[in-house]
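Only one structure is covered here, and it is reproduced in the block below.
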Protein chains: 2
Amino acid sequence: MARNAWTPVWRAAHAADVVTYSLRVATAKAEETRERILDAALSLFRQRGFDETTMRDIAAEAGVATGAAYYYFRSKEELVMAFYARTAEEAREVIPPLVTRSHDLGKRIRGIIDTQLKQFEEHRRLMVALVRIGIDPKHPLSPFGEETSEMRNASIEFFRAAIAESKPVVPKDLLDDLPRLLWLYQMGIILFWMFDESRGQRRTRALLDGTIDLVVRLIQISSLPMMGRLRKRLLAILRAVEE
Amino acid sequence: MARNAWTPVWRAAHAADVVTYSLRVATAKAEETRERILDAALSLFRQRGFDETTMRDIAAEAGVATGAAYYYFRSKEELVMAFYARTAEEAREVIPPLVTRSHDLGKRIRGIIDTQLKQFEEHRRLMVALVRIGIDPKHPLSPFGEETSEMRNASIEFFRAAIAESKPVVPKDLLDDLPRLLWLYQMGIILFWMFDESRGQRRTRALLDGTIDLVVRLIQISSLPMMGRLRKRLLAILRAVEE
DNA sequence: CCTTGGTTTTGAACACGTTCAAGGAGGCAC
DNA sequence: GTGCCTCCTTGAACGTGTTCAAAACCAAGG
């Protein structure tokens, strides 16, 4: 999907463009070089870990000069971001059909999250590098920042689709904000998962099993007619916090 | 309080010792040097920010050689940690009397959190440096790790005191785990606050106003006799997640 | 005093992420 | 061909956090 439509990030032409976190690329040969560098990086990251891999290693492995990587990627972390962007692109194809397969809200949410975790699986520890810098909302690569808004919004839309015509039915006044909240919930789960060293990330499973049910139940309860006031209050908090 | 009782962190003699994140210090002169370096660092951090201050700057400001700082602190971040440890020490004196002032659970929790935020206020942005590395539970300075357990436990004890003989009454089967959950809640609030650039961190206030009430209400609801099953389920999730 | 053994201090050296001026490489106009 | 322009590539150089062997200091014992 649009692997060739590279747009300098800071000049994204159309909102629909897939952000791939690359710098200038014009020719086919350049594209190949970029890919070679990214592949070399991911391969080394997986073998040795992020901190243990140097940019010199990566360049050597890709057969280019040290500075070459910086022609295509602004920083070492952006190499990880490029991997993330790749999977996000895949998710756009995989997740929408998955959501339509069932009307059960819990199953839909679970499906979305499971899919993403499976995508990241091989590079689980690697994502820590993204979190370390992304936790600062001022950093370009922050998941909350301007530059990542496209990917974030795409991800939020998955959840908007998930709560549409679902069982249980989501009250109308939540339709706007709930997707963002669910996205936040997902980010929390992924964060937990990244540091979950239990066999097969068993603990994350337990957390998912317990909390998805809870989330759905909570939505259900807040849907009761008598709970209109509670919903309003929660939304008011959310508004105040989001400014 | 025990400002002189410096114990190498990795050989903490007694659990009661205050961890100050310093390396070997034997003589009074050395203690003065250490203090001078820490003060120089904090002063520069506050003026220019963490990333913009180099270890060479700090050493120069303190009037010592570049390597001197590494005799007392294992890393640049540990300078920030030393500041954090200082405030934690203060908190041990300030917070306990504060908790006994009222029986209102909400007010107690609010008091604890407000106090900590006020302590950090001057160095708010600085704490980001701690989060960046602390988010990784494997890092020595992680708030979840072994090395910080004393400070963490002290902090958790504040909340244990807060839920003791409070209004509303906390059900017995929550007494063990609730303090840790409240501590986690506090960490979340502090995290939000660190990145809250609104005037006077207005948004954090809004978040506190909204959520503390909610937390208390939730405890209240879960105390109803009919809610025993819900409590058991929540605790089961917690156990599974904590391993 | 001198020696000895620990503690503290020094500053050069190292490894790393990143920058940048300089130089190909390839196409296009004439 | 020759000049020119843009895209791509190079590798030395810079600034940084950190390490470490050596020196300086200092108190106690002789």
Side-chain angles (χ1 to χ4, degrees), chain A residues 4 6-8 11 21-38 40-41 44-45 48-82 126 129-130 132-133 139-141, chain B residues 4 6-8 11 21-38 40-41 44-45 48-82 126 129-130 132-133 139-141:
Chain A
N4 295 340
W6 278 315
T7 317
R11 288 195 219 142
Y21 294 89
S22 72
L23 303 197
R24 313 145 258 203
V25 171
T27 73
K29 204 183 96 198
E31 180 191 328
E32 209 217 290
T33 308
R34 192 196 105 103
E35 211 78 351
R36 214 168 58 243
I37 292 171
L38 179 54
L44 290 176
F45 287 158
R48 311 182 195 167
F50 182 80
D51 288 327
E52 290 70 28
T53 304
T54 74
M55 290 302 267
R56 285 162 181 83
D57 291 341
I58 295 171
E61 175 86 6
V64 295
T66 322
Y70 288 93
Y71 184 74
Y72 295 100
F73 306 91
R74 277 174 302 177
S75 67
K76 194 178 173 187
E77 281 87 5
E78 197 154 293
L79 283 162
V80 185
M81 197 57 172
L126 188 53
L130 274 191
R132 274 212 296 244
I133 59 162
H139 193 284
L141 297 185
Chain B
N4 295 341
W6 277 316
T7 318
R11 287 194 218 145
Y21 295 89
S22 72
L23 304 197
R24 314 144 258 203
V25 169
T27 74
K29 205 184 96 202
E31 180 193 327
E32 209 216 289
T33 308
R34 192 196 105 103
E35 210 77 353
R36 214 167 58 242
I37 292 171
L38 179 53
L44 289 176
F45 287 158
R48 312 183 195 165
F50 183 80
D51 288 327
E52 290 69 28
T53 304
T54 74
M55 291 301 266
R56 286 163 181 81
D57 291 341
I58 294 171
E61 175 86 4
V64 295
T66 322
Y70 288 93
Y71 183 73
Y72 295 100
F73 306 91
R74 277 173 301 179
S75 67
K76 194 177 173 187
E77 281 88 2
E78 196 155 292
L79 283 161
V80 185
M81 197 57 172
L126 188 52
L130 275 191
R132 274 210 298 244
I133 58 163
H139 193 284
L141 297 185

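In what follows, chains carry the letters A, B, and so on, assigned in the order in which the sequence lines appear, proteins first and then strands, with residues in each chain numbered from 1. Only a predicted model underlies this, so the values are computations on that prediction, with no experimental measurement involved.
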Polar atom pairs between nucleotides 18-25 of chain D and protein, under 3.5 Å, N or O only, would you list them?
unit_1: D:dT18; atom_1: OP2; unit_2: B:Tyr70; atom_2: OH; d: 2.7
unit_1: D:dT18; atom_1: OP2; unit_2: B:Lys76; atom_2: N; d: 2.9
unit_1: D:dT18; atom_1: O5'; unit_2: B:Tyr70; atom_2: OH; d: 3.3
unit_1: D:dT18; atom_1: O4; unit_2: B:Arg56; atom_2: NH2; d: 3.4

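- In terms of heavy-atom proximity, A:Thr66 sits nearest to A:Ala59 at CA-CB, 3.7 Å.
- Side-chain contact between A:Glu78 and A:Tyr72: absent, with no pair of heavy atoms (C-beta onward) separated by less than 4.5 Å.
- Terminal axes of the helix from C:dC1-D:dG30 to C:dC30-D:dG1 (five pairs each, C1' rotation axis) are separated by 30°, to the nearest 10°.
- The side-chain contact (heavy atoms from CB on, under 4.5 Å) check on B:Ile133 picks up B:Glu77, B:His139, B:Leu141, with sequence neighbours excluded.
- One atom, CD1 of A:Ile37, and another, P of D:dC8, lie 12 Å apart when rounded to the nearest Å.
- Nearest nucleotide to the A:Val64 side chain, out of D:dT10, C:dG11, D:dC8: D:dT10.
- In this structure, B:Arg36 places its CZ atom 12 Å from C1' of C:dT8, rounding to the nearest Å.
- Contact detail for A:Phe50 and A:Lys76: the closest heavy-atom pair is O-NZ, 3.0 Å.
- For A:Ala62, the side-chain contact (heavy atoms from CB on, under 4.5 Å) partners at least two apart in sequence or on another chain are A:Ile37, A:Ala40, A:Val64.
- Between the P atom of C:dC16 and the CG atom of A:Asp57 lies a distance of 7 Å, rounded to the nearest Å.
- The distance between atom CG of A:Asp51 and atom P of C:dA15, rounded to the nearest whole Å, is 17 Å.
- Remark: P of D:dT16 and CZ of B:Phe50 are 13 Å apart, rounded to the nearest angstrom.
- For the pair B:Glu52 CD and D:dG15 P, the interatomic distance rounds to 16 Å; values are reported in whole Å.
- Judged as a salt bridge (charged side-chain N to carboxylate O under 4.0 Å, His left out), the pairs with a partner in residues 52-68 of chain A (not counting sequence neighbours) are, in order, A:Arg48-A:Asp57.
- Residue B:Tyr71 has a polar side-chain atom (N or O) positioned under 4.0 Å from OP1 or OP2 of C:dT8.
- Side-chain contact between A:Phe45 and A:Leu79 is present, with at least one heavy-atom pair separated by less than 4.5 Å.
- Look at B:Thr33 and you won't find any side-chain N or O under 4.0 angstrom from OP1 or OP2 of C:dT8.
- Here the closest non-hydrogen pair linking B:Ala69 and B:Met55 is CB-CE, 3.9 Å.
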